[in-house]
A.B. asks: 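Questions regarding the structure given below will be posed in turn.
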Amino acid sequence: QVQLVESGGGLVQPGGSLRLSCAVSGRNSSYYAMGWSRQAPGKQRELVASITSGVITNYVDSVKGRFTISRDSAKNTVYLQMNSLQFEDTAVYYCNRSPAIWPWGQGTQVTVSS
């Protein structure tokens with residue numbers, strides 16, 4: 001059974017950076033496209049970044065140039081480097097296959113506040 005464990009969130013000031021990690025167990029994630037999604041209070045979950053098995057990346061316009069998705073196949077882990085964080089980036093962040101078909105993890109909270 002696949003399990004996703006997200007970590008690395010926290011409280012950060014505007015302009016700051018965080019690096020999120022998603023540890024995958026039960027499947028070799030390197031075979032699949034993976035994505036990071038986020039859900040802000042009162043809003044639907046949205047996919048913000050994805051990476052193919054061939055490491056082609058794609059981003060939603062609001063995070064282009066600020067977020068970078070990457071993967072370490074040896075560690076079966078997917079990362080999201082987030083720079084120049086803005087108030088609007090506040091959300092719970094989740095990883096999953098892209099499209100998302102695995103059970104969701106608990107997510108990691110990112111709060112951007114001064």
Side-chain angles (χ1 to χ4, degrees):
Q1 181 176 352
V2 63
Q3 186 176 15
L4 305 168
V5 179
E6 300 91 347
S7 62
L11 174 64
V12 63
Q13 291 185 339
S17 297
L18 286 172
R19 187 194 194 204
L20 307 184
S21 299
C22 171
V24 182
S25 60
R27 291 287 191 279
N28 186 340
S29 65
S30 64
Y31 294 152
Y32 308 107
M34 297 292 294
W36 280 95
S37 301
R38 66 186 180 187
Q39 187 166 21
K43 294 187 177 181
Q44 288 190 332
R45 192 172 298 179
E46 65 166 342
L47 179 68
V48 297
S50 62
I51 184 168
T52 68
S53 58
V55 297
I56 296 173
T57 59
N58 194 34
Y59 303 92
V60 68
D61 285 347
S62 59
V63 308
K64 279 182 181 177
R66 301 189 298 120
F67 290 10
T68 303
I69 188 171
S70 61
R71 65 197 311 163
D72 186 330
S73 297
K75 295 182 178 179
N76 208 12
T77 299
V78 182
Y79 302 99
L80 187 67
Q81 177 68 43
M82 305 188 297
N83 299 327
S84 302
L85 282 161
Q86 303 170 356
F87 294 121
E88 301 75 41
D89 297 318
T90 294
V92 180
Y93 284 73
Y94 304 86
C95 72
N96 208 312
R97 275 186 64 176
S98 181
I101 64 169
W102 289 340
W104 293 98
Q106 83 288 349
T108 186
Q109 175 71 49
V110 172
T111 302
V112 184
S113 175
S114 54

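Sequential numbering from 1 along the given sequence is applied to the chain's residues. When reading the values below, keep in mind they use all heavy atoms of this one structure, side chains included, and skip hydrogens, waters and symmetry mates.
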A.B. asks: Who pairs with Glu46 by salt bridge (charged side-chain N to carboxylate O under 4.0 Å, His left out), at least two apart in sequence or on another chain?
C.D. replies: Arg38

A.B. asks: To the nearest 0.5 angstrom, please state how far the OG atom of Ser21 sits from the CD atom of Gln81.
C.D. replies: 9.5 Å

A.B. asks: If you measure from CG on Leu80 to SG on Cys22, what distance do you get to the nearest 0.5 Å?
C.D. replies: 10.5 Å

A.B. asks: With a 3.5 Å cut-off and no angle check, do the side chains of Thr111 and Gln109 form a donor-acceptor pair?
C.D. replies: yes

A.B. asks: Are Trp104 and Tyr93 connected in a single hydrophobic cluster, I mean Ile/Leu/Val/Met/Phe/Trp/Tyr linked by side-chain heavy atoms less than 4.5 Å apart?
C.D. replies: no

A.B. asks: Could you report the tightest heavy-atom contact between Thr52 and Arg71, atom names first, then the distance?
C.D. replies: O-NH1, 2.8 Å

A.B. asks: Please answer: with hydrophobic residues joined when any side-chain heavy atoms are less than 4.5 Å apart, are Tyr59 and Val55 in the same cluster?
C.D. replies: yes

A.B. asks: What closest approach, in Å, do Val112 and Gln13 show between heavy atoms, and which atom pair accounts for it?
C.D. replies: CG1-C, 4.0 Å

A.B. asks: Any chance the side chains of Ser29 and Asn76 put a donor and an acceptor closer than 3.5 Å?
C.D. replies: yes

A.B. asks: Report whether Phe67 and Val60 are members of the same hydrophobic cluster (ILVMFWY, side-chain heavy atoms less than 4.5 Å apart, transitive linking).
C.D. replies: yes

A.B. asks: Quick one: do Leu85 and Val92 end up in the same hydrophobic cluster if we chain Ile, Leu, Val, Met, Phe, Trp and Tyr together by side-chain heavy atoms under 4.5 Å apart?
C.D. replies: no

A.B. asks: Of the non-hydrogen atoms in Trp102 and Leu4, which two are nearest, and what is the gap between them?
C.D. replies: CE3-CD2, 3.9 Å

A.B. asks: Give me the atom names and distance for the closest heavy-atom approach of Glu6 to Tyr94.
C.D. replies: OE2-CA, 3.5 Å

A.B. asks: Distance-only, no hydrogens or angles: does the Ser98 side chain make a donor-acceptor pair with backbone N or O of Met34 under 3.5 Å?
C.D. replies: no

A.B. asks: How about Arg97 and Val2: do any of their side-chain heavy atoms sit closer than 4.5 Å?
C.D. replies: no

A.B. asks: To the nearest 0.5 Å, what is the distance between CG (Asn96) and CG (Leu47)?
C.D. replies: 10.0 Å

A.B. asks: Would you sort out whether Thr77 and Asp72 count as a side-chain hydrogen bond (donor to acceptor under 3.5 Å, both in side chains), showing the intermediate values?
C.D. replies: CA-CA 5 Å; Thr77 299; Asp72 186 330; over 6 Å; no

A.B. asks: Cut-off 3.5 Å, side chains only: do Ser17 and Asn83 have a donor facing an acceptor?
C.D. replies: yes

A.B. asks: Is there a path from Val110 to Tyr79 through hydrophobic residues (I, L, V, M, F, W, Y) whose side chains come within less than 4.5 Å of each other?
C.D. replies: no

